[in-house]
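Inspection log for the structure reproduced underneath, given as structure tokens.
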Protein chains: 2
Amino acid sequence: MERERICTKKSCFSFDTIKRLSLYLRNLKRLKEKGIEVISSDRIIPLLNVSSAQFRKDLSYFGEFGKRGVGYEVGRLIKELEEILGTNKEWKIALVGVGRLGQALLGFEGFSKFNIKIVCAFDIDKKKVGKVIEGVKVEDMKKLKTIIKRKRVKIALLCTPPHSAQEVSEKLVAAGIRGILNFSPLILKVPSSVFVSNVDMACELESLIFFLKRNERKV
Amino acid sequence: MERERICTKKSCFSFDTIKRLSLYLRNLKRLKEKGIEVISSDRIIPLLNVSSAQFRKDLSYFGEFGKRGVGYEVGRLIKELEEILGTNKEWKIALVGVGRLGQALLGFEGFSKFNIKIVCAFDIDKKKVGKVIEGVKVEDMKKLKTIIKRKRVKIALLCTPPHSAQEVSEKLVAAGIRGILNFSPLILKVPSSVFVSNVDMACELESLIFFLKRNERKV
DNA sequence: CTCCATTTGTTCCTGTTTTCACAAATATAT
DNA sequence: ATATATTTGTGAAAACAGGAACAAATGGAG
Ligand SMILES: NC(=O)c1ccc[n+]([C@@H]2O[C@H](COP(=O)([O-])OP(=O)(O)OC[C@H]3O[C@@H](n4cnc5c(N)ncnc54)[C@H](O)[C@@H]3O)[C@@H](O)[C@H]2O)c1
Ligand SMILES: NC(=O)c1ccc[n+]([C@@H]2O[C@H](COP(=O)([O-])OP(=O)(O)OC[C@H]3O[C@@H](n4cnc5c(N)ncnc54)[C@H](O)[C@@H]3O)[C@@H](O)[C@H]2O)c1
């Protein structure tokens with residue numbers, strides 16, 4: 001495919017490594033809340049569906065964070081991972097398409113745990129423009145470029161219907177957006193400097209169905 | 001990891017192949033709507049971010065659907081893929097946790113294109129129980145087992161907060177659910193006969209941030 | 001201080017997935 | 001009928017990712 005591999009001076013690793021680091025970070029935070037201060041790779045993996053070797057290897061791409069014979073100091077590892085992933089400082093993001101899904105995302109508290117904040121929202125629907133939803137004012141699409149540039153937002157959530165997704169993505173890129181989390185079921189064509197992640201629930205569900213059908217036949 | 005590989009008498013292929021088939025199917029349907037009747041692997045891939053060799057190989061695991069020198073007949077390929085994926089007949093699914101995200105999913109028209117229908121919804125909140133949202137009545141968690149068994153539902157969308165997700169998943173499994181699309185940021189522990197797919201938006205976003213941070217440094 | 005139990009970091013290996021590349025098949029033009 | 005242009009299906013090769021396994025490091029018990 002493309003944009004699936006990351007290379008440093010040290011070595012190369014896959015993009016999946018980064019997703020797993022994010023998973024590790026979230027679980028480490030839970031452990032910290034429970035008061036656990038040190039954990040070994042063997043004892044954290046039951047929470048994660050990942051092998052302990054993989055856990056250690058993923059970390060090893062970025063440095064040595066554990067202590068042999070002991071394990072990992074939870075607080076330290078959280079800090080290191082936040083540093084690696086970039087969530088040690090706040091990230092401002094934009095949202096386009098304040099429909100059902102867009103509104104759910106606006107109200108999602110989960111993002112704040114990652115230091116992520118939706119600072120502006122846009123919609124083409126005149127009835128929605130001007131309303132304040134979950135503390136964010138919905139702006140007209142015409143103001144998209146100005147506001148995104150002014151607020152120096154680099155990431156956007158794209159929640160419009162698929163037929164307008166390509167057009168919207170082009171406006172976002174023109175406004176300086178460098179990363180798009182795309183919820184619409186359409187593969188976007190963007191310059192290679194822009195990073196797109198797709199969240200495709202219908203595909204997920206369809207592959208789930210394939211499995212079920214298969215297992216039923218077996219049983 | 002686990003549950004990542006599918007083997008038939010013919011050969012073995014990865015779970016990613018299935019997700020791609022789902023992607024192909026959706027795009028083929030769009031082509032059909034546009035009136036395109038025949039397409040070659042070289043001309044469909046610009047829509048997909050997949051190589052043409054991959055496209056052909058993914059299909060080859062299931063049979064020979066193309067005609068050399070010509071390409072694929074769109075209508076036929078759609079039928080074949082629907083057959084393979086199992087979406088040629090209607091699938092009934094359940095939803096648990098009628099919060100912001102749950103309500104967005106209840107109103108999502110996209111599922112119907114895949115012959116997927118949410119036939120029941122459950123919540124623990126007494127204020128929500130009894131309401132009808134997007135044509136689906138919200139039921140009490142106590143009735144979960146009875147209703148799911150009676151309607152013979154095998155797939156569920158899990159949209160409760162993470163702290164109750166494990167508990168809810170156990171109730172679902174006890175009610176006969178065999179596939180769970182999990183939106184809560186928690187790795188579920190379920191019997192190996194149950195298939196879980198995770199949709200983890202916060203992880204996606206966090207890995208996006210990693211990339212941006214990286215590119216900025218480069219620039 | 002020595003031995004033993006742990007646990008990390010990393011090398012090496014193995015099986016998987018993707019891509020390459022081409023024979024076989026088809027259509028069209030002459 | 002033959003040549004030419006396409007395009008599939010697929011073996012073989014290359015690229016990758018994941019896991020086993022172990023030396024090196026650490027801490028604690030005796
Ligand atoms: N609802 C869900 O649960 C769900 C699930 C999976 C995927 N999706 C996808 O997410 C997207 C949004 O789904 P939804 O259910 O929220 O739809 P929706 O119709 O409720 O909302 C879409 C919003 O986008 C706005 N919009 C349309 N064209 C626009 C444009 N050119 N510029 C700016 N805004 C525009 C509309 O005014 C509307 O507010 C769709 O692509 C859908 O396929 C939704
Ligand atoms: N809102 C989003 O856009 C979003 C995005 C990504 C992930 N998620 C995840 O999806 C889940 C739901 O998010 P939300 O924003 O809709 O939350 P929400 O608080 O709006 O809704 C949660 C719903 O679950 C119900 N619930 C709680 N405990 C329950 C139980 N034991 N049994 C049945 N129902 C129960 C609540 O009554 C409520 O209706 C969370 O795990 C969240 O992390 C949400």
Side-chain angles (χ1 to χ4, degrees), chain A residues 1-21 23-24 28 31 36-74 76-77 80-81 84 207, chain B residues 1-21 23-24 28 31 36-74 76-77 80-81 84 207:
Chain A
M1 291 261 274
E2 50 176 300
R3 216 193 286 105
E4 287 291 343
R5 217 168 154 66
I6 302 130
C7 293
T8 62
K9 283 140 274 174
K10 244 180 127 181
S11 59
C12 291
F13 50 91
S14 80
F15 189 47
D16 283 351
T17 290
I18 302 301
K19 291 203 185 155
R20 284 192 296 267
L21 289 185
L23 188 68
Y24 304 157
L28 285 161
L31 292 172
I36 294 166
E37 293 185 351
V38 174
I39 192 146
S40 72
S41 59
D42 266 337
R43 267 171 297 138
I44 197 175
I45 52 131
L47 309 171
L48 300 174
N49 268 6
V50 171
S51 77
S52 65
Q54 179 108 74
F55 178 84
R56 295 200 299 277
K57 191 165 221 178
D58 285 337
L59 293 177
S60 78
Y61 293 122
F62 299 92
E64 303 195 1
F65 308 121
K67 206 182 249 182
R68 297 177 187 209
V70 183
Y72 298 87
E73 202 257 293
V74 176
R76 153 117 195 267
L77 196 48
E80 299 278 8
L81 285 175
I84 292 164
S207 41
Chain B
M1 287 264 272
E2 49 174 303
R3 214 193 287 104
E4 287 292 343
R5 212 168 157 68
I6 302 130
C7 294
T8 62
K9 284 140 273 174
K10 242 181 130 181
S11 58
C12 291
F13 50 91
S14 80
F15 188 48
D16 283 349
T17 289
I18 302 302
K19 290 201 188 157
R20 284 192 298 264
L21 289 185
L23 188 67
Y24 304 158
L28 285 162
L31 291 173
I36 294 166
E37 293 184 351
V38 173
I39 190 144
S40 71
S41 59
D42 265 337
R43 266 171 298 138
I44 197 176
I45 52 130
L47 309 171
L48 300 172
N49 268 6
V50 172
S51 78
S52 65
Q54 179 108 73
F55 178 85
R56 295 199 300 277
K57 184 140 242 180
D58 284 339
L59 293 176
S60 78
Y61 293 123
F62 298 92
E64 302 194 2
F65 308 121
K67 204 182 249 180
R68 295 177 189 211
V70 183
Y72 298 86
E73 202 257 293
V74 175
R76 152 118 196 267
L77 195 49
E80 299 278 7
L81 285 175
I84 292 164
S207 39

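Each chain gets a letter, A, B and so on, in the order the sequences are listed, and its residues count up from 1. Bear in mind that the values here come from a model prediction, so they are computed numbers and not experimental data.
Every residue was checked against the side chain to side chain donor-acceptor pair (under 3.5 Å) condition with Lys67(B), not counting sequence neighbours, and none meets it. Arg76(B) is linked by a salt bridge (charged side-chain N to carboxylate O under 4.0 Å, His left out) to Glu80(B), counting only residues two or more places apart in sequence or in another chain. Here Phe65(A) pairs with nothing under the ring pair (Phe, Tyr, Trp, His ring centres under 6.0 Å) rule; sequence neighbours left out.
Within the structure, a side-chain polar atom (N or O) of Tyr72(B) is placed less than 4.0 Å from OP1 or OP2 of dG9(D). OP1 or OP2 of dT18(C) has not a single side-chain nitrogen or oxygen of Tyr61(B) nearer than 4.0 Å. Under 4.0 angstrom from either OP1 or OP2 of dT19(C) there lies at least one side-chain N or O belonging to Gln54(B).
At a threshold of 4.0 angstrom between heavy atoms, the contacts of Phe65(B) are confined to the sugar-phosphate backbone, with no base atom among them. In this structure, Ser41(A) reaches the sugar-phosphate backbone alone: every heavy-atom distance under 4.0 Å involves primed, P, OP1 or OP2 atoms, never a base.
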Between the protein and nucleotides 20-22 of chain D, are there any N/O to N/O pairs under 3.5 Å, and if so, what are the atom names and distances?
{"unit_1": "dA21(D)", "atom_1": "N6", "unit_2": "Arg56(A)", "atom_2": "NH2", "d": "3.4"}

Contacts under 3.5 Å, N or O only, protein and nucleotides 13-16 of chain D:
none

Where protein sits on nucleotides 24-30 of chain C, one letter per nucleotide: B base, S sugar-phosphate only, - none, heavy atoms under 4.0 Å: BBBS---
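At whole-Å resolution of the value, CG in Asp42(B) and C1' in dT19(C) are 14 Å apart. Straight-line distance from the CG atom of Asp16(B) to the P atom of dT18(C): 6 Å, rounded to whole Å.
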